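Because the structure is a prediction, the values reported are computed rather than measured. As the structure lists them, so they are numbered: ligands from 1, and atoms in each ligand from 1.
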Amino acid sequence: MRVLVAGGAGFIGSQIADALIAAGHQVLVIDDLSSGRRENVPREAGFAQVDIRDVEKLLSAVADFRPQAVSHQAAQVSVSKSARRPVWDAEINVIGSLNLLHACVRHGIERLVFASSGGAIYGEVPEGRRAAVDWPAHPLSPYGTAKLAVEHYLDFYRHEYGLVSCILRYANVYGPRQDPYGEAGVVAVFSTNLLRGESIQINARAETGDPGCVRDYVYVGDVVGANLAALQGRLDGRIVNVGTGRATSTLELARIVEAAAKVKATIRFGPHRVGDLERSVLDASEDDPVHPYTPLEEGIEETVAWFRRFLKES
Ligand code: NAD
């Protein structure tokens, strides 16, 4: 199968591209390299530097490659930037996505898999609960609103043009290649800080000194597995949570990274960050495409080992 991976130079997209190549598919990565890296793109994949806001370039890349399926991972991924610049966020995450959907229809592409966000769409998930896919959507940021808008546009494209799609709502993804300088990749930040002998900061869930916000951390390998299942047509027409259902506070996470890095952490406690959800945990039990999920301790071992090699080589 020929698969176009939009955002395939990024953390998750590049590992989807790797897995597709390993499974014998042909891959074209398109990416504007705004946060992705050219060296992440597998050597066996084609690459075109395309901004999904640039309709002409996008249509021409799609026309040349004639993909059968599209994996849409391209996005500006910063929730706080989306709050400061909602129009710019929508230009990339809404209009750019619509350009891609338009290209799919124009070139008769069979299937599209969309990277959505469980954390950003469901909003606060109260203590003891997990958000299933029928949890009321309550995005609290332009980033989450844009993701939800694209989900609705996909309904329109399916209904009007027969474009088959699958929506994957990721929990907090972690693993090798995540940007340690980004705002979201707490596992990447903790891993690099600890391996460099630096302290780590736990931002408060409510009051400074508490164990921090609660998240559902999912290993990138499991996210790739869900994407492959979706690209192969095993999840057509579905909205799927890609999360483990395990609730972990930032402090618990820090202890797991500390054990994997074999470094005693110096912990600072910071205040609550404006806009951070206190608790986000997904329910992925029903007809789950990834079973069993990689246990957090195991995924973090892999991740810390990768960052250890990365820091040595850079
Ligand atoms: P990433 O920043 O590593 O990947 C995004 C990629 O999109 C980058 O390579 C970037 O250069 C590219 N891109 C950005 N704007 C573009 C544009 N205008 N045109 C073309 N390419 C563009 O982030 P990631 O964590 O790999 O995220 C992948 C997808 O998963 C995104 O859609 C993100 O919203 C979604 N997601 C991620 C998480 C997470 O925890 N990492 C959680 C929920 C959803």
Residues which pass ring-ring contact (aromatic ring centres under 6.0 Å, His included) with Phe114, listed by chain and number, not counting sequence neighbours: His72

All ring-ring contact (aromatic ring centres under 6.0 Å, His included) counterparts of Tyr174, not counting sequence neighbours: Tyr219

Under a 4.0 Å heavy-atom limit, does [X] contact ligand 1 with its side chain, its backbone, both, or neither?
X: Asp179; answer: neither
X: Ser116; answer: backbone
X: Ile92; answer: side chain
X: Ile12; answer: both
X: Val50; answer: backbone

For [X], state whether at least one heavy atom is located under 4.0 Å from any atom of ligand 1.
X: Ser34; value: yes
X: Tyr174; value: no
X: Ala171; value: yes
X: Lys147; value: yes

Under 3.5 Å donor-acceptor, Arg215 side chain and Leu277 backbone: yes

Give the atoms of ligand 1, by number and element, whose distance to some non-hydrogen atom of [X] is under 4.0 Å.
X: Gly36; answer: 8 (C), 9 (O), 10 (C), 11 (O)
X: Ser117; answer: 43 (C), 44 (C)
X: Leu33; answer: 11 (O)
X: Val77; answer: 2 (O), 23 (O), 27 (O), 31 (C), 33 (C), 34 (O)
X: Phe11; answer: 3 (O), 25 (O), 26 (O)
X: Ala9; answer: 9 (O)

Atom pair CZ/CZ of Phe65 and Arg2 - distance to nearest 0.5 Å: 6.5 Å

Rounded distance (nearest 0.5 Å) linking atom OG1 of Thr244 with atom CG of Leu282: 8.0 Å

Residues Lys81, Asp89: salt bridge by 4.0 Å N-O rule: no

Salt bridge flag under 4.0 Å for residues Glu297 and Arg246: yes

May I ask you to check whether [X] has an N/O atom sitting below 3.5 Å from an N/O atom of ligand 1?
X: Gln73; answer: yes
X: Gly10; answer: yes
X: Ile52; answer: yes
X: His72; answer: no
X: Gln76; answer: no

Geometric class of the Phe310/Trp306 ring pair [parallel <30°, tilted 30-60°, perpendicular >60°]: parallel

Options Gly13, Ala48, Ser35, Ser14, ranked by nearest heavy atom to atom 8 (C) of ligand 1, top entry: Ser35

Nearest candidate to atom 6 (C) of ligand 1, where distance is taken over non-hydrogen atoms, out of Ala6, Gly7, Ala120, Gly243: Gly7

Closest non-hydrogen atom pair between Ile167 and Ser116, with its separation: CG2-CB, 3.8 Å

Donor on one side chain, acceptor on other, Asn40 and Gln15, under 3.5 Å: no

Under 3.5 Å side-chain donor-acceptor pair for Asp283 and Tyr122: no

Test log, rule side-chain contact (heavy atoms from CB on, under 4.5 Å), inputs Arg177 and Ser14: CA-CA 9 Å; Arg177 285 190 206 159; Ser14 65; 2.7 Å; yes

same_hphob_cluster(Leu59, Val105) at 4.5 Å side-chain heavy-atom cutoff: no

